[in-house]
Amino acid sequence: MKDAGQILPGATLGVLGGGQLGRMFVHAAQSMGYFTAVLDPDTDSPAGRVSHHQVRAAYDDPAGLAELAGLCAAVTTEFENVPAPSLATLAERLPVSPAARAVAIAQDRAAEKAHFVACGVPCAPYAVIESAEQLAAVDAALLPGILKTSRMGYDGKGQVRVADAAALAAAWRSLGGVPCVLEQMLPLAAECSVVLARGADGAFVHFPVQRNLHRDGILAVTEVHPGNIDAALADEAVGAARAIADGLDYVGVLCVEFFVLGDGRLVVNEIAPRPHNSGHYTIDACDASQFTLQVRTLCRLPLVQPRQHSAAVMLNLLGDLWFDASGEQRTPAWAQVLALPGAHLHLYGKRDAKPGRKMGHLTFTAPDAASAREAAITACDVLGIARFG
Ligand code: ADP
Ligand code: MG
């Protein structure tokens, strides 16, 4: 018998945002027998093009939101900068997860950091800068640091590294004097993340801890295999991620990003209220993907702890790979890459390649870490991606 509130296959699920995360959500929902609707301002979006229904509207357009609500049994989001009030509006008519309140906190670095502090999870020393007085009062111990806009930052955008007070003042002006957070620059030994799913009943499951390499503020490589991260540290990361999710009474898939410092301490960086780039390997290396768990949490279906069945290395495929050294357009050597063992190629159907734009990802699965790494390093050489450590 169907439990109250469960949304079963055959229903239509909506997603705010038509990017690659929405596309992979749509794929997962459709493979389970759901219909899908995507709201995006662009009709040619990666998710919209594979969805049963598309609503072309701005994220805050009341008519577009009403049309989406009319089509769907429940709605989720793939894009953390979707206005939280739009989620709140939809929630008046149908189940929405994650909730507006959790998304609003993740959208604002100052609120996000206050939440980490409230949960007792250490984050980088920081100061909120919203006025000239706060700028002048900044503790010199936070420098050198990174000034980040409180809102709308992603992939390293809206961030300036500052060495001293003069550079900080100039950087705040260059960011338009908008509300910012200054973080102390920390000596990073590594970065890692935890992708978790939390149900409306508080059920909690998580994927293994991912080890992430960023280049120019953008995720480049994710490795997930035994030994990628110290076991005690991994347990600590999962515990911290759970505390953060419980503190939000979160429903949905959440990613928590961490720094590992030179002295071995774990520090939380930020959260993403949705599936995450560092969790893409789950599609090919685990018995449930982060996107199927997004469907389950949205539909109030049971959560079962996922199991990783293969070691995995994921490479992000940025638009840079579509250009040769002289700037001429080219097609990356897919056939050569697909000749490697355990290659899973995912392209997002974006028409225009641009440097820094996420065009797809490539996951290598293998029975052991060494084989997955070897194939991935060969793929780096074939595609012109810098090798990883
Ligand atoms: P985004 O929202 O763009 O992902 P992040 O705050 O995660 O922004 O920063 C992007 C990357 O910049 C991080 O993954 C890390 O490599 C580096 N970084 C950010 N904050 C710090 C810090 N306080 N100390 C050292 N490196 C940092
Ligand atoms: Mg980040």
Side-chain angles (χ1 to χ4, degrees), residues 17 19-21 78-82 103-117 121-129 138-163 167-168 171 175 178-195 209-223 229 237 240-241 244 253-280 290 314 316 318 356-358 361 386 388-389:
Q20 62 268 17
L21 298 171
E78 63 108 38
F79 172 54
E80 69 201 83
N81 290 325
V82 160
V103 173
I105 289 173
Q107 280 171 349
D108 184 307
R109 290 190 195 275
E112 185 178 57
K113 288 202 161 37
H115 180 67
F116 299 150
V117 172
V121 178
C123 62
Y126 72 98
V128 175
I129 300 180
V138 157
D139 183 347
L142 294 178
L143 297 166
I146 306 189
L147 185 68
K148 304 179 180 181
T149 58
S150 289
R151 303 181 68 84
M152 301 302 263
Y154 70 99
D155 287 347
K157 294 183 175 70
Q159 300 192 6
V160 186
R161 298 187 172 214
V162 291
L168 171 63
L175 291 172
V178 297
C180 284
V181 166
L182 174 69
E183 277 179 43
Q184 191 181 65
M185 179 75 83
L186 298 174
L188 308 189
E191 294 189 63
C192 65
S193 58
V194 176
V195 174
V209 178
Q210 294 99 217
R211 185 186 182 109
N212 303 322
L213 172 68
H214 291 82
R215 291 182 175 138
D216 300 326
I218 307 177
L219 183 66
V221 183
T222 293
E223 290 195 58
I229 218 104
I244 289 165
V253 171
L254 178 76
C255 178
V256 184
E257 290 186 64
F258 296 93
F259 298 141
V260 182
L261 306 189
D263 61 6
R265 273 187 303 138
L266 187 77
V267 167
V268 64
N269 172 22
E270 61 173 353
I271 58 174
R274 50 172 172 77
H276 192 258
N277 196 165
S278 64
H280 289 353
Q290 59 174 348
M314 185 219 64
N316 253 350
L318 301 182
R357 188 172 197 206
K358 289 176 179 170
H361 69 270
F388 57 94

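When a ligand or atom number is given, it counts from 1 through the structure's own listing order.
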Seminar exercise, completed: A student checking ligand 1 against M185 at a 4.0 Å heavy-atom cut-off should list atoms 24 (N), 25 (C)

For this session: Could you list which atoms of ligand 1 come closer than 4.0 Å to a heavy atom of N269?
Result: 5 (P), 6 (O), 7 (O)

Exercise. Mind checking whether K157 has an N or O less than 3.5 Å away from an N or O of ligand 1?
Worked result: no

Exercise. Among all protein non-hydrogen atoms, which one is nearest to atom 27 (C) of ligand 1, and what is the separation to 0.1 Å?
Worked result: I146 CD1, 3.5 Å

Seminar exercise, completed: Minimal heavy-atom distance between R109 and T149, with the atoms involved, is NE-O, 3.3 Å

Exercise. Should the proximity of R215 to ligand 1, defined as any heavy atom under 4.0 Å, be assigned to the side chain, the backbone, both, or neither?
Worked result: neither

For this session: Inspect the surroundings of CG in D216 and state if more than 12 heavy atoms from other residues, nucleotides or ligands are less than 6.0 Å away.
Result: no

For this session: Identify, for atom 26 (N) of ligand 1, the protein heavy atom at the shortest distance, and state residue, atom and that distance.
Result: L188 CD1, 3.5 Å

Exercise. Quick one: does E257's side chain get under 4.5 Å of H276's, heavy atoms only?
Worked result: yes

Exercise. Any idea which part of E270 is under 4.0 Å from ligand 1, heavy-atom wise: side chain, backbone, both or neither?
Worked result: side chain

For this session: Calculate, to the nearest 0.5 Å, the distance between atoms CD and CD1 belonging to Q184 and I146 respectively.
Result: 10.5 Å

Exercise. Between E183 and K148, is there a salt bridge with N-O shorter than 4.0 Å?
Worked result: yes

Problem set entry | For atom 20 (N) of ligand 1, closest protein heavy-atom neighbour | K148 NZ, 2.9 Å

Exercise. Under 3.5 Å, is there a donor-acceptor pair linking the side chains of Q290 and H280?
Worked result: yes

Problem set entry | pair L168-L147: side-chain heavy atoms closer than 4.5 Å | yes

For this session: Within a distance under 4.0 Å of any heavy atom of H214, pick out the atoms of ligand 1 and give their elements.
Result: 14 (O)

For this session: May I ask which of G217, G153, P187, S193 has a heavy atom nearer to atom 11 (C) of ligand 1 than the others do?
Result: G217

Exercise. What is the distance from atom CD1 of I129 to atom CG of L182, rounded to the nearest 0.5 Å?
Worked result: 5.0 Å

Exercise. So which heavy atom in the protein is nearest atom 3 (O) of ligand 1, and how far is it from that ligand atom?
Worked result: G156 N, 2.5 Å

Exercise. Shortest non-hydrogen contact from N212 to S193?
Worked result: ND2-OG, 2.9 Å

Problem set entry | Rounded distance [0.5 Å steps], CG in L213 versus CZ in R215 | 5.0 Å

For this session: Can you pull out the closest protein heavy atom to atom 17 (C) of ligand 1? Residue, atom name and distance to 0.1 Å, please.
Result: R161 NH2, 3.9 Å

Exercise. Do ligand 1 and F259 have nitrogen or oxygen atoms that lie under 3.5 Å from each other?
Worked result: no

Exercise. Closest heavy-atom contact between C123 and V117?
Worked result: SG-CG2, 4.5 Å

Problem set entry | the Mg ion (ligand 2) - closest N/O/S atom in E270 | OE2

Seminar exercise, completed: Ranked by distance from atom 25 (C) of ligand 1, the top protein heavy atom is L186 O, 3.4 Å

For this session: Could you find the nearest protein heavy atom to atom 16 (O) of ligand 1 and give me its residue, atom name and distance?
Result: E191 OE2, 2.5 Å

For this session: Can you pull out the closest protein heavy atom to atom 10 (C) of ligand 1? Residue, atom name and distance to 0.1 Å, please.
Result: Q159 NE2, 4.0 Å

